[in-house]
Amino acid sequence: EPEVTQTPSHQVTQMGQEVILRCVPISNHLYFYWYRQILGQKVEFLVSFYNNEISEKSEIFDDQFSVERPDGSNFTLKIRSTKLEDSAMYFCASSERRDRPNEKLFFGSGTQLSVL
Amino acid sequence: RKEVEQDPGPFNVPEGATVAFNCTYSNSASQSFFWYRQDCRKEPKLLMSVYSSGNEDGRFTAQLNRASQYISLLIRDSKLSDSATYLCVVNGAGGTSYGKLTFGQGTILTVHP
């Protein structure tokens with residue numbers, strides 16, 4: 001089965017530093033997403049992205065967050081000035097389409113971000 | 001009311017047992033429903049979609065009651081490998097929101113020998 005690839009698997013940073021989390025979605029997919037999961041809590045939607053622009057974002061996705069598709073293969077999540085509460089597992093996902101109700105999202109294995 | 005609410009669990013069952021999980025959702029406009037499983041510190045993986053008529057995949061049976069906004073998952077003949085957290089997931093209310101999944105807190109299942 002095709003895979004969504006995320007790097008790095010673990011990222012440790014100091015509070016206030018910028019981090020970039022990287023994802024390579026499945027090659028023929030057009031829709032991209034970031035989700036996060038704080039330890040012991042539920043998985044939460046952050047943002048969806050299509051055609052080089054944000055389609056939808058949650059309340060969590062404030063001005064400190066940004067997403068980009070810098071080339072034809074990568075999809076990145078940037079946190080400009082990390083806070084302690086940004087510590088979480090961040091999952092990238094992609095889907096071929098989004099207009100079908102049961103469209104399957106493929107999740108990457110996640111990047112564990114630890115802010116010290 | 002939480003958007004997606006699940007049995008708190010945890011469930012500890014012996015191999016071979018039948019176990020059922022329940023879930024309710026608050027948005028009556030939700031279009032699609034899923035059960036995912038998540039192993040410790042791993043990504044969520046789709047277990048099965050849930051259809052109005054109910055559906056079965058091997059030992060797993062999912063049911064949906066739109067009127068009650070209730071979803072269930074039944075696992076028969078539990079295996080050790082079924083030990084995981086089971087996530088009830090609801091999709092967006094149509095249009096561009098189909099990729100916006102809302103996850104429940106999850107129910108931990110441990111199957112012991």
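Residue numbers start from 1 in every chain, and the chains themselves are labelled A, B, ... in the order their sequence lines are given, proteins ahead of strands.
To the nearest 0.5 Å, atom NZ of residue B:Lys100 and atom CD of residue A:Glu56 are 4.5 Å apart. Separation of atoms NZ (A:Lys42) and CG (B:Leu87) is listed at 11.5 Å; rounding is to 0.5 Å.
Annotation: residues 13-23 of chain A contacts chain B through no residue [non-hydrogen atoms, separation under 4.5 Å]. Residues of residues 38-45 of chain B lying under 4.5 angstrom from chain A, judged on non-hydrogen atoms, are B:Gln38, B:Arg41, B:Lys42, B:Glu43, B:Pro44 by number.
With hydrophobic clusters built from ILVMFWY side chains whose heavy atoms lie under 4.5 angstrom apart, B:Ile71 shares a cluster with B:Ile75. The hydrophobic clustering, which links ILVMFWY residues whose side-chain heavy atoms are closer than 4.5 Å, places A:Phe106 and B:Trp35 apart. B:Phe11 and B:Ile108 fall into different hydrophobic clusters, defined by Ile, Leu, Val, Met, Phe, Trp and Tyr side-chain heavy atoms under 4.5 Å apart, directly or through other members. B:Leu73 and B:Val19 fall within the same hydrophobic cluster, defined by Ile, Leu, Val, Met, Phe, Trp and Tyr side-chain heavy atoms under 4.5 Å apart, directly or through other members. Hydrophobic clustering (side-chain heavy atoms under 4.5 Å, transitive across Ile, Leu, Val, Met, Phe, Trp, Tyr) keeps B:Leu74 apart from B:Val111.
When the side-chain hydrogen bond (donor to acceptor under 3.5 Å, both in side chains) test is applied to A:Thr5, no partner is found at least two apart in sequence or on another chain.
A side-chain donor-acceptor contact under 3.5 Å links A:Tyr35 to the backbone of B:Leu101.
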For residues 84-92 of chain A, run the donor-acceptor check on the side chains, cut-off 3.5 Å, and write out each pair with its distance to 0.1 Å, sequence neighbours left out.
unit_1  : atom_1 : unit_2   : atom_2 : d
A:Asp86 : OD2    : A:Lys83  : N      : 2.8
A:Ser87 : OG     : A:Leu84  : O      : 3.0
A:Ser87 : OG     : A:Val115 : N      : 2.9
A:Tyr90 : OH     : A:Asp86  : O      : 2.7

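In this structure, the portion of A:Gln112 lying under 4.5 Å from any heavy atom of chain B is its side chain and not its backbone.
Taking a 6.0 Å sphere around CD1 of A:Ile60, one finds it holds more than 12 heavy atoms contributed by other residues, nucleotides or ligands. At most 12 non-hydrogen atoms from other residues, nucleotides or ligands lie less than 6.0 angstrom from CD of B:Glu3. The number of heavy-atom neighbours closer than 6.0 Å to CG of A:Asp71, taken from other residues, nucleotides and ligands shown, is above 12.
The closest side-chain heavy-atom distance from A:Phe107 to B:Tyr36 is below 4.5 Å.
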